[in-house]
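Comments concern the structure below.
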Amino acid sequence: MAFAVNEINENPNLLPNITLGYHLYDNCVRLGIAFRAAISLASGTEDSFSNLNCTGPPPVIGIVGDPSSTPSIAISNILGLFRVPIVSHYATCSCLSDRKKYPSFFRTIPSDAFQVRAMVQILRHFGWTWVGLIYSDDDYGIYAAQLFQQEMQLFGHCVGFSEILPHDNNHRDIQHITRVIQASTARVVVVFSTSSFLIPLMEEVVLQNMTGRQWIASEAWTTSPVYHAPRFLPILGGTLGIAIRRGEIEGLHEFLLRIRPSNDKKNSIVRIFWENMFECSFETGSRAIDGEQLKKVCTGQEDLSNTETPYTDVSGLRAAYNVYKAVYALAHALHDLMQCEEGTGPFSGNSCADKTNLKPWQLVYYLQKVNFTTGFGDHVSFDKNGDALAIYDVLNWQPSFDGSIMIHPVGIVNKGVATEMVLTLDEDAIYWNFENKKPPRSVCSESCPPGTRQARRKGLPVCCFDCLPCGDGEISNTTNAIECTVCPDEFWSNSDKNQCVPKEVEFLSYEDPLGISLTTASLLGTCICALVLVIFAYHHNTPIVRANNSELSFLLLLSLKLCFLCVLLFIGQPQLWTCQLRHAAFGISFVLCISSILVKTMVVIAVFKSSRPEGKGAMKWFGAAQQRCTVLVLTALQVVICAVWLSTASPTPHKNHQYTRSKIVYECAIGSVAGFSMLLGYIGLLAAVSFLLAFLARNLPDNFNEAKFITFSMLIFCAVWIAFVPAYVSSPGKYAVAVEIFAILASSFGLLVAIFAPKCYIILLHPERNTKHAIMGREAQKK
């Protein structure tokens, strides 16, 4: 401070024709003494005064200090009432940023709010989400700890333990803290404290040889030389700390070497320092220093340049650099005040301050607007809360050649956009005090990989969680996902649950083994029908073929062939035309088939009745034309049903997500349940009537006994389709289509085999029975 005032007084461009003076007070690290000193500075030190009107300039225009937060709070509470400007160089408590409580408080050191953000940036950089917290029981430690925990919560990080350093250095409390540190899984310990509070804990940590911890130091102790002794290296080596910006003050070293002791009893600081430095005494008699008698007399001309002490070491100016900036800030504010021209001033009526009767609040106004650059190149200004620009050095405690600890700068943290702190680190320059020489892991739970989500452990902080895999159809493609994301309808989760992939589209295809089997069966049935048709055509003049209207037999074979072929419309990817055609073709083909069987049954009954005297005219009402017309009318009704159905609520291709969530079942939506029900109901009605008539005619004579085979075929047909309904309803996806195809094939094969197999048997294997004589002979034998 003395150097800065002297430098300003010698500067012709700053406060020309004005000489600054100063009073220095030692607070002795006690609140009461600091408070009395500040009151003395503000009110004056004279024992009496003659100006009863209390007019004139104040004894001092500004105060530099106090270095501690608690005394600064107390002093600012009082002097703030009188708007006396106070510029602290080391008080960092964030509470001092409250402009309503402390309207005249400024500081050249950043607030703890910025320090906390800077430390959290370091923790985030190395992924340390689970840390311990230790802080001193004073305003500095308590406010810093509160801000730190808030900032950690903001980024989703957690404090594993939080302990307060005791005021009285109680050994039991110190041991409790060490036990907590050892028991915790947090490998990183953050400490907000001054050296005086922290020393007892560090002594105990060294005593217990508590290694394997990464210490993070606040600016209050990160540069303290107390911990640089070799015994602290195994424990504190590798410590990362936040330190206020280091600066260089040109000419300070030479100024310090020129200082000589004064005979003024009020200025005893230099005399005491001199006696301890050179082990001498200014008194004529000998005196004891550290218990030893000294007989050497101090001359005051001893050479300081031959000594190596922290006093003459100006390589790491941090707090002293802040004092230098504080003095210059007051000087620049006073300079701006003095340069004011009447009529352009900032006060009422555009007036300027009265230079002969200066008011402290007027200087506060100019101090708020101070803006200058030091010789070292640092910009100095204050924000609306009186805080300095936030910039810190990141320091690393590394081993020295003699086994002690030396401090190395490894990075910078400064304020970026808004309140975000920007960290720049040289990681290769950092010394890690661990076996692998790498940063430690300090997490409560390892990160959840993509494909999983966090599940908090009950009763523990948010950093402690289990990793649960995402459910089917859900994914997480980020680390530490809180929730899994549901895939869109058209997508499904892959096996790793970290990506949505298009769902598999399922339908009965020709490449599917089931599709191949059904296609083969369909083509086989078609070929058999064609073969039987060829056989019947070749033997069309034989009695077996001509019995019961051969035209109906050929029509029945043709309709069965269509039944087999319509199966192919059910296989393959559903399209609009196949969906519309498959059920219509199936319904019409089966009605044609069943109506042919029904007419054949009616023919059997009519022929039998015409053979009796009372029914001789039965066949003339049911000749070939009437048979064709009956089949045509019965089939036309089904055509009408299909036409109405297709025109009102046509079946369409539909992607069904309900059967299986992991697949899209591509199917034909029937459109109208009523239409489909009428189609099946009409087929069922015809089949029931055919079965009933055939059953009633089963005991007719042998030569007319085709009714037995029709009865058996219709029994198979009805059994298949009755079993079809529950099987179809309970079958998912493509298997429902397969069930419908199976019912079509089974009923078609049942009709083909039951009706035509006996006739082909006689035609091919027993042609001697395929004669009119043979047929009539059996009847004669029966008679």
Backbone N or O of [Y] within a donor-acceptor pair of the [X] side chain at under 3.5 Å?
| X | Y | answer |
| --- | --- | --- |
| Asn11 | Glu7 | no |
| Gln398 | Ala429 | yes |
| Asp66 | Ser68 | yes |
| Arg246 | Ser315 | yes |
| Ser94 | Ser111 | no |
| Ser136 | Ser193 | no |
| Tyr392 | Gln115 | yes |
| Arg172 | His176 | no |
| Asp168 | Asn170 | yes |
| Arg99 | Phe105 | yes |

Give, for atom [atom1] of [X] and atom [atom2] of [Y], the distance between the pair rounded to the nearest 0.5 Å.
| X | Y | atom1 | atom2 | answer |
| --- | --- | --- | --- | --- |
| Ile405 | Leu236 | CD1 | CG | 5.5 Å |
| Gln368 | Asp383 | CD | CG | 7.5 Å |
| Asn480 | Gln454 | CG | CD | 4.5 Å |
| Ile164 | Leu133 | CD1 | CG | 9.5 Å |
| Thr424 | Asn414 | OG1 | CG | 6.5 Å |
| Ile412 | Asp426 | CD1 | CG | 11.0 Å |

Are [X] and [Y] side-chain neighbours, meaning at least one heavy-atom pair lies under 4.5 Å?
| X | Y | answer |
| --- | --- | --- |
| Asp112 | Tyr143 | no |
| Leu252 | Leu256 | yes |
| Gln121 | Arg124 | yes |
| Leu165 | Phe192 | no |
| Ile242 | Thr222 | no |
| Ile8 | Leu15 | yes |
| Val189 | Ile134 | yes |
| Arg213 | Asn433 | no |

Inset, instruction - Give a yes/no verdict on a cation-pi contact between Arg260 and Phe255, requiring under 6.0 Å between NZ or CZ and the six-membered ring centre and an angle within 45° of the axis. - result: no
Legend entry - Positive for side-chain contact (heavy atoms from CB on, under 4.5 Å) with Tyr328, one of Thr108, Leu14, Val323, Val370: Leu14
Legend entry - Arg318, Glu219, His89, Arg245 screened by side-chain contact (heavy atoms from CB on, under 4.5 Å) with Ile109, the one that passes: Glu219
Legend entry - Separation of SG atoms, Cys448 and Cys467, below 2.5 Å: yes
Inset, instruction - Measure SG to SG for Cys464 and Cys444 and state whether it is below 2.5 Å. - result: yes
Inset, instruction - Let me see the working for Arg441 and Glu446 under side-chain contact (heavy atoms from CB on, under 4.5 Å), right down to the final yes or no. - result: CA-CA 9 Å; Arg441 291 281 296 162; Glu446 292 296 334; 2.5 Å; yes
Legend entry - Aromatic ring proximity, centroids under 6.0 angstrom, Trp215 and Tyr227: no
Legend entry - Distance flag, aromatic centroids of His157 and Trp128, threshold under 6.0 Å: no
So for atom [atom1], which belongs to [X], do other residues, nucleotides or ligands contribute more than 12 heavy atoms lying within a distance under 6.0 Å?
| X | atom1 | value |
| --- | --- | --- |
| Arg30 | CZ | no |
| Tyr22 | OH | no |
| Lys437 | NZ | yes |

Inset, instruction - May I have the step-by-step check of side-chain hydrogen bond (donor to acceptor under 3.5 Å, both in side chains) for Tyr25 and Asn27, ending in yes or no? - result: CA-CA 6 Å; Tyr25 284 87; Asn27 65 7; over 6 Å; no
So, for [X] and [Y], which heavy atoms are closest and what is the spacing to 0.1 Å?
| X | Y | result |
| --- | --- | --- |
| Ser97 | Asp387 | OG-OD2, 2.7 Å |
| Ser72 | Leu96 | CB-CD1, 4.0 Å |
| Glu427 | Phe126 | OE1-CE2, 3.8 Å |
| Arg107 | Thr92 | NH1-C, 3.2 Å |
| Val410 | Leu395 | CG2-C, 4.3 Å |
| Pro450 | Thr479 | CD-OG1, 4.2 Å |

Inset, instruction - Begin with the C-alpha distance, continue with both residues' side-chain angles, and end with the deciding distance and a verdict on side-chain contact (heavy atoms from CB on, under 4.5 Å) for Arg36 and Ile33. - result: CA-CA 5 Å; Arg36 286 198 298 272; Ile33 295 176; 3.5 Å; yes
Inset, instruction - Might you work through the side-chain hydrogen bond (donor to acceptor under 3.5 Å, both in side chains) test for Gln175 and His171, ending with a clear yes or no? - result: CA-CA 6 Å; Gln175 286 185 325; His171 188 63; 3.2 Å; yes
Inset, instruction - Consider only side-chain N and O atoms of Asp139 and Thr70, and report whether a donor and an acceptor are under 3.5 Å apart. - result: yes
Legend entry - Check: Glu204/Gln208 side-chain N/O donor and acceptor closer than 3.5 Å: yes
Legend entry - Stepwise side-chain contact (heavy atoms from CB on, under 4.5 Å) check, Cys463 with Val443: CA-CA 7 Å; Cys463 298; Val443 294; over 6 Å; no
Legend entry - Sidechain N-carboxylate O distance under 4.0 Å for Glu203, Arg231: yes
Inset, instruction - Classify the ring geometry between Tyr324 and Tyr321 as parallel (under 30°), tilted (30 to 60°) or perpendicular (over 60°). - result: parallel
Inset, instruction - I would like to know whether Phe35 and Ile75 meet side-chain contact (heavy atoms from CB on, under 4.5 Å); could you show each step before the answer? - result: CA-CA 6 Å; Phe35 188 75; Ile75 295 168; 4.3 Å; yes
Legend entry - With sequence neighbours excluded, residues passing salt bridge (charged side-chain N to carboxylate O under 4.0 Å, His left out) with Arg179: none
